[in-house]
Each structure stands twice: as C-alpha cells, then as structure tokens.
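Down below is the structure, laid out as structure tokens.
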Protein chains: 2
Amino acid sequence: MSVDLLGPDPIYQQIAAVIRERIRDGTYPPQRAIPSEPDMCEEFGVSRNTVRAAIHVLNEEGLTRTVRGKGTYVIGKSAG
Amino acid sequence: MSVDLLGPDPIYQQIAAVIRERIRDGTYPPQRAIPSEPDMCEEFGVSRNTVRAAIHVLNEEGLTRTVRGKGTYVIGKSAG
DNA sequence: GGAAATTTGTTCGTATGTATA
DNA sequence: TTATACATACGAACAAATTTC
C-alpha cells in the first residue's frame, strides 16, 4: 500500500490516519505491536520525530499504548 | 510563581529576564541544567522557537551553556 | 552476569512556511 | 522589509528499558 502524504493536513496527521485505518481493518491486530519507529520512518520516508508525533495522536485517542524498550501496542479486544 | 509576559518587550526577552533572575536568586543553581525547552514551552505557554531565542540571549551573555541531547547548564562557581 | 542489538524516551540543532505588527 | 512568534519537519546526540546471545 502506498501513502501519498500530500494534501493540506500535516504529515504526522496523515500518518496517524493510515495507522488508524490499519488498526481498524485488522492489518495491525489487537494486542500486537505495530512496526517499530525506525521501520515506519522507512516506509513513510519521514523522520522519527514525525512518526512519533503520529503515534502520539493514536496514544491520545486510546487506540495504542507505547512501552519504552518494547514498542507500541494496539489496544483492543483480548480474546473473549 | 506566575509569569505574565506583558509589557512592551518581546516575549523572548521577558523570558530571558525571568530565567536570568532565577539563576541569580539560586532557583537554577550553578552547574545544573535549567528546565528543558519543552518544559519551558509549557510553563510560559510559548513555542519552542521563542524559548530557544531566550536561551540564546543567556548563552550569549555567558550565563548558560547549551549541550545537544543533554540540556542547558548554568555557568558559575563550582564549589569554592 | 555481561555485551550487544533493538526500541522507545528526551533533548538540542536547524530549516521552512505562515501570520502578525 | 524586518522583527517577532507559532507550527511543522528533518537531523543528531544522549539516555533508559528490553531482548537476545
């Protein structure tokens, strides 16, 4: 999947939207970690700061939770 | 302590004056780091650029010294 | 237990664009 | 035009937690 990063919105908002969509469609399943910050820097071709800004948005929304030294995990239905 | 940031002077000059005063009265002791740029953005309710402009003034005066990745340190008497 | 690699956390350095006075 | 101020974005250094060997 390609990401355009055009349009009027800030890049970090657009990246947050992409990740949000991947969480909703199951590409990034609950309880699992999303790709690391360096990996997302590569995929989107942006700096780590920008990736972190995007993740910050999702954490604020309660969609994800970041743990130092581990990664950023998708919040959601466990199993039941 | 609250800081008003009114008056005719530029905001960054006023912030520099506040920090300068805190160095003089010992609130920010020698050899120690003053609060980080993000922290001061929060305290004063200004952008990082403005905080950096204030710190630049103090660095120019020789009151402080900024080190990348670490912080801004108060110059001054060590112990003796 | 130690060393190295991975990953996130924090902080400063720099540049660009926009808006205001 | 210049000075001030904010938001955004990339780059780099340093720090801490985790994992793996």
Side-chain angles (χ1 to χ4, degrees), chain A residues 2-20 22-23 27-75, chain B residues 2-20 22-23 27-75:
Chain A
S2 75
V3 179
D4 265 353
L5 271 27
L6 308 172
D9 288 340
I11 296 173
Y12 75 90
Q13 292 280 8
Q14 298 181 51
I15 291 176
V18 171
I19 300 172
R20 195 184 297 115
R22 290 179 183 173
I23 290 172
T27 301
Y28 298 154
Q31 317 286 354
R32 304 283 313 269
I34 67 177
S36 72
E37 293 173 2
D39 281 356
M40 292 208 270
C41 292
E42 276 235 357
E43 173 182 359
F44 296 111
V46 300
S47 73
R48 193 180 153 215
N49 284 343
T50 301
V51 166
R52 285 176 61 77
I55 292 172
H56 179 74
V57 171
L58 302 174
N59 284 341
E60 285 292 303
E61 291 172 352
L63 274 179
T64 54
R65 180 176 126 267
T66 299
V67 182
R68 184 190 329 205
K70 300 201 66 172
T72 296
Y73 294 86
V74 178
I75 300 297
Chain B
S2 78
V3 180
D4 265 354
L5 269 28
L6 307 172
D9 288 340
I11 295 174
Y12 75 92
Q13 291 282 8
Q14 298 181 51
I15 292 176
V18 170
I19 300 172
R20 195 184 298 115
R22 289 179 183 173
I23 290 173
T27 300
Y28 298 153
Q31 318 286 354
R32 305 282 315 267
I34 67 177
S36 71
E37 291 174 1
D39 282 356
M40 292 207 272
C41 292
E42 277 236 356
E43 174 182 0
F44 297 111
V46 300
S47 74
R48 192 181 151 215
N49 286 344
T50 302
V51 166
R52 283 178 59 76
I55 292 172
H56 178 74
V57 171
L58 302 174
N59 284 342
E60 284 294 303
E61 292 172 352
L63 273 179
T64 54
R65 180 175 126 268
T66 299
V67 182
R68 188 211 297 228
K70 302 208 63 174
T72 295
Y73 295 84
V74 178
I75 301 296

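Order of the sequence lines sets the chain letters (A, B, ...), proteins ahead of strands, with each chain counted from 1. Computed from a prediction, not measured in an experiment: that's the story for all the values here.
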Checklist line | The single option from B/E42, B/E43, B/E37 passing side chain to side chain contact (heavy atoms under 4.5 Å, CB included) against B/V51 | finding: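 Of the listed residues B/E42, B/E43, B/E37, the side chain to side chain contact (heavy atoms under 4.5 Å, CB included) partner of B/V51 is B/E37.
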Note to self: Among A/V18, A/I11, A/T50, exactly one meets side chain to side chain contact (heavy atoms under 4.5 Å, CB included) together with A/F44. Which residue is that?
What the structure shows: A/V18
Notebook entry, point to check: Taking atom OG1 of A/T72 and atom CD1 of A/I34, what is their separation to the nearest 0.5 Å?
Noted result: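 Nearest 0.5 Å value for the OG1-CD1 distance: 4.5 Å.
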Checklist line | Atom pair CG/CZ of B/N59 and B/R52 - distance to nearest 0.5 Å | finding: 9.0 Å
[Y] side chain reached by [X] side chain, heavy atoms, under 4.5 Å:
{"X": "B/R20", "Y": "B/V57", "value": "yes"}
{"X": "B/L63", "Y": "B/I19", "value": "no"}
{"X": "B/Q14", "Y": "B/D9", "value": "yes"}

Notebook entry, point to check: Which atoms form the tightest heavy-atom contact between A/A54 and A/I15, and what is the distance?
Noted result: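 It is CB-CG2, 3.7 Å.
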Checklist line | Atom of A/M40, atom of A/P35 and distance for their closest heavy-atom approach | finding: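 In terms of heavy atoms, the two residues are closest at CE-O, 3.5 Å.
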Next item on the list: Could you say whether A/V67 or B/V51 is positioned toward the 5' end of DNA chain D, judged by the nucleotide with the nearest heavy atom to each?
Entry: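 Upstream on the strand: B/V51.
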Next item on the list: Name the residue closer to the 5' end of DNA chain D, choosing between A/Y12 and A/R68 according to the nucleotide with the nearest heavy atom.
Entry: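 It is A/Y12 whose nearest nucleotide is closer to the 5' end.
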Check the distance between [N]'s [atom2] and [X]'s [atom1] and give it to me in whole angstrom.
{"X": "A/L58", "N": "C/dT8", "atom1": "CG", "atom2": "P", "value": "14 Å"}
{"X": "A/K70", "N": "C/dG9", "atom1": "NZ", "atom2": "C1'", "value": "16 Å"}
{"X": "B/I11", "N": "C/dT20", "atom1": "CD1", "atom2": "P", "value": "15 Å"}
{"X": "A/E37", "N": "C/dA5", "atom1": "CD", "atom2": "P", "value": "20 Å"}
{"X": "A/R65", "N": "C/dG9", "atom1": "CZ", "atom2": "P", "value": "11 Å"}

Next item on the list: Examine C/dT10: is either OP1 or OP2 under 4.0 Å from a nitrogen or oxygen in the side chain of B/S36? Give yes or no.
Entry: no
Check: Hey, where on DNA chain D does chain A first and last touch, going 5' to 3'? Cut-off is any atom under 4.0 Å from a heavy atom.
Finding: D/dT8 to D/dT19
Scan nucleotides 14-17 of chain C against the protein and return all N/O pairs shorter than 3.5 Å with their distances rounded to 0.1 Å.
none

